[in-house]
Visitor: 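This is the structure, below, for whatever I ask next.
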Amino acid sequence: MLYHENVSVIRNESLTNDIYDMRFRSRDISAAAKPGQFINVYCNDSSRLLPRPISICEVNGEEIRIVYRVAGKGTKELSGIRPGEKINVTGPAGNGYDVDMINQTYSSVMLFGGGVGIPPMVELSKRLKIKTDVFLGYRDCLFLNEDFCDDANIHIATEDGSAGTRGNVLDALKASGVDADLICACGPLPMLRAIKKYAEESGKKAYYSMEERMACGVGACLGCVCKTVEKDGHSKVNNTRVCADGPVFDASAIII
Amino acid sequence: MNEDSKMPDMSVEIAGVKWKNPVTVASGTFGSGIEYADFVDLNGLGAVTTKGVATYPWEGNDTIRVAETTGGMLNAIGLQNPGMETFIERDIPFLNKYDTVKIVNVVGKTLEEYVEAVKMLSGQPVDMLEINISCPNVKEGGIAFGQDPKAAAEVTRAVKEVSEKPVIMKLSPNVTSIQKMAGAVEEAGADAVSLINTLTGMKIDIQKKTFLLANKTGGLSGPAIKPVAVRMVYEVAQAVNIPIIGMGGICCAEDAIEFMLAGATAVSVGTANFHNPKVTIEIVEGIKKYLLDNNIENVNDLIGAVR
Ligand SMILES: Cc1cc2nc3c(=O)[nH]c(=O)nc-3n(C[C@H](O)[C@H](O)[C@H](O)COP(=O)(O)OP(=O)(O)OC[C@H]3O[C@@H](n4cnc5c(N)ncnc54)[C@H](O)[C@@H]3O)c2cc1C
Ligand SMILES: Cc1cc2nc3c(=O)[nH]c(=O)nc-3n(C[C@H](O)[C@H](O)[C@H](O)COP(=O)(O)O)c2cc1C
Ligand code: FES
């Protein structure tokens with residue numbers, strides 16, 4: 001079930017010079033939300049028609065937290081919203097992670113988040129009950145690294161070497177010597193490709209979140225598809241909707 | 001006083017099919033309604049128009065398929081669809097749970113494929129067919145039939161011959177004279193026309209110095225095209241006697257009323273669903289309110305009232 005609501009923004013503050021942290025309240029969306037799902041955020045300026053997909057970063061009671069980078073005009077507008085002002089949202093969109101299945105099937109997990117792929121990993125780590133190592137990749141400024149649950153081991157990589165391992169999340173993995181049964185990853189395509197390769201070579205199961213341009217954000221327009229290995233049950237061709245059947249996919253099912 | 005007696009009559013009739021109100025959705029923006037049922041009571045719509053469906057599954061184009069533009073968007077989905085068999089097994093039974101007119105949008109790459117698709121729909125519990133001869137995003141078929149009056153008439157005739165249901169021909173704005181196209185399909189037996197499909201456009205990614213859409217070009221839709229669409233509906237209304245379903249950028253009741261005053265019997269709401277998934281029902285309510293506020297008893301009084 002998806003909900004379309006006009007919600008009040010509770011908080012909207014910058015974490016770094018271009019990363020913002022927004023909270024809004026929605027009883028229905030927060031009750032239904034799973035980690036890995038996202039919110040379609042609509043611009044109040046209706047010359048910008050399409051919703052912006054932003055991952056659910058955390059759910060606290062009835063409060064939803066999203067963390068986003070100012071990338072273009074829509075997120076720029078969003079960053080100017082003040083507490084008390086209203087925005088339209090639809091959610092929780094997409095499939096999200098099957099946390100119960102993961103908790104029952106695996107004994108340890110590595111979460112990889114790169115840039116604005118980090119936010120969904122926060123809620124995921126909170127709900128996982130198995131041994132968790134989190135690898136966070138940044139360009140330079142850190143954000144959200146202190147918001148993971150206490151039980152998770154945090155490993156940091158920065159491109160400029162200003163914190164943690166210099167390089168990317170896989171460099172941080174190498175430096176840590178950590179191993180686990182399962183991989184969950186969200187981040188830019190080159191990172192996902194590298195993780196997919198690592199997962200295949202080490203024979204590990206991997207899930208990752210795909211990113212694609214969207215129009216409806218609810219599964220109706222077929223704007224957001226990615227290629228699949230097998231024929232998809234819904235589309236009957238070799239592609240699948242990122243917004244409705246994803247964004248979380250079994251890495252072996254998707255061609256990237 | 002009985003409140004109901006003051007309620008305006010919202011129903012319209014197209015080719016003998018009665019709609020409870022003049023609002024449907026534009027093909028391709030609403031799937032078969034399944035994904036929007038969380039937001040909208042489909043019983044409240046005059047009709048549901050499905051995404052284009054062909055005889056067999058189509059892959060569609062590579063991604064990126066969609067791009068936002070100021071007050072509009074470009075799409076180059078490429079008519080991806082699961083094929084008629086799945087559509088009949090999954091989508092028609094879903095739609096049948098609702099008391100609304102069912103319009104199936106049909107696509108094909110050749111004349112034979114259109115005919116075959118229409119034949120496959122015979123005996124199915126749907127009310128009308130909309131024949132898409134105007135998709136700018138597929139090379140074969142589609143637009144090739146929609147830019148030449150002779151070819152459009154040929155498809156119309158062939159489809160009419162095998163269809164048990166009234167046939168709506170969906171027209172492209174990417175033509176020199178939309179009146180000629182409308183006239184040609186009317187003469188060939190079309191029961192109604194719908195317009196406009198999208199206008200061919202392009203967006204360039206200046207950082208990557210390449211086309212934003214994998215297909216290079218895409219169809220422009222949304223409020224940016226509305227004045228073009230209103231003008232074309234008006235022109236076609238002057239040229240033909242069959243009913244018109246008007247669309248192109250409708251976002252609110254005021255927009256819908258403009259199309260009806262220009263000559264449309266009904267309207268389709270497309271891209272606006274992406275900005276507000278509840279917009280269709282809001283438009284139905286808004287039209288009702290306009291009629292009440294202006295003491296108009298019957299929505300049909302709006303149709304073509306501006307000449
Ligand atoms: C499932 C999913 C989850 C996401 N989660 C987050 C998140 O938690 N935090 C975050 O900062 N970003 C996230 N993104 C990326 C975010 O959606 C884009 O950065 C944002 O849409 C850019 O909008 P804009 O108006 O600022 O940019 P513009 O370039 O002005 O946007 C123009 C159009 O392109 C679309 N677009 C542009 N970049 C992207 C992109 N990378 N992915 C998808 N659509 C794009 C926009 O939605 C809009 O329709 C996510 C994307 C997806 C698909
Ligand atoms: C994503 C998308 C998919 C579409 N798919 C179809 C289609 O399958 N068949 C069709 O006849 N028109 C299709 N169209 C065109 C619309 O039905 C409509 O004619 C056009 O978008 C103008 O209306 P609007 O501005 O309200 O969207 C599509 C439009 C969009 C935006
Ligand atoms: S964005 Fe429309 S189907 Fe995914």
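Remember, it's a predicted structure, so these values are computed and weren't measured experimentally. In the text below, chain A, chain B and the rest are named by the order of the sequence lines, each starting its count at 1.
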Visitor: For the residue pair B/Thr280 and B/Tyr36, confirm or rule out a side-chain donor-acceptor distance under 3.5 Å.
Guide: no
Visitor: Using heavy-atom distances under 4.5 Å, tell me whether A/Lys227 contacts chain B through its side chain, its backbone, both, or neither.
Guide: side chain
Visitor: Using a distance-only test with no angle check, is there a side-chain donor-acceptor pair under 3.5 angstrom linking B/Tyr56 and B/Asn81?
Guide: no
Visitor: Between A/Thr90 and chain B, which part of the residue has a heavy atom less than 4.5 Å away: side chain, backbone, both or neither?
Guide: side chain
Visitor: With respect to chain B, which residue among A/Asn238, A/Asp45, A/Val237 yields the maximal number of heavy-atom pairs within a distance under 4.5 Å?
Guide: A/Val237
Visitor: Need one label for B/Thr69: side chain, backbone, both or neither, based on atoms under 4.5 Å from any heavy atom in chain A.
Guide: backbone
Visitor: Could you tell me which non-hydrogen atom of B/Val106 sits nearest to which non-hydrogen atom of B/Ala117, and how far apart they are?
Guide: CG1-CB, 3.7 Å
Visitor: Side chain, backbone, both or neither: which part of B/Thr70 has an atom under 4.5 Å from a heavy atom of chain A?
Guide: both
Visitor: Among B/Gly72, B/Gly71, B/Ala272, B/Gly31, single out the residue with the greatest number of heavy-atom pairs under 4.5 Å to chain A.
Guide: B/Gly71
Visitor: Decide ring pair (Phe, Tyr, Trp, His ring centres under 6.0 Å) for A/Tyr208 and A/Phe112; before the verdict, give the C-alpha distance in whole Å, the side-chain angles of both, and the deciding distance to 0.1 Å.
Guide: CA-CA 9 Å; A/Tyr208 48 52; A/Phe112 292 91; over 10 Å; no
Visitor: Taking all non-hydrogen atoms of both residues into account, name the closest pair between A/His234 and B/Pro82 and its distance.
Guide: O-CB, 4.0 Å
Visitor: Can you confirm whether more than 12 heavy atoms, excluding those of A/Arg139, are under 6.0 Å from its CZ atom?
Guide: no
Visitor: Need one label for B/Phe30: side chain, backbone, both or neither, based on atoms under 4.5 Å from any heavy atom in chain A.
Guide: backbone
Visitor: Top residue by heavy-atom pair count (under 4.5 Å) with chain A, among B/Glu85, B/Lys51, B/Arg90, B/Met73?
Guide: B/Arg90
Visitor: What part of A/Cys43 gets closer than 4.5 Å to chain B, counting heavy atoms only: side chain, backbone, both or neither?
Guide: backbone
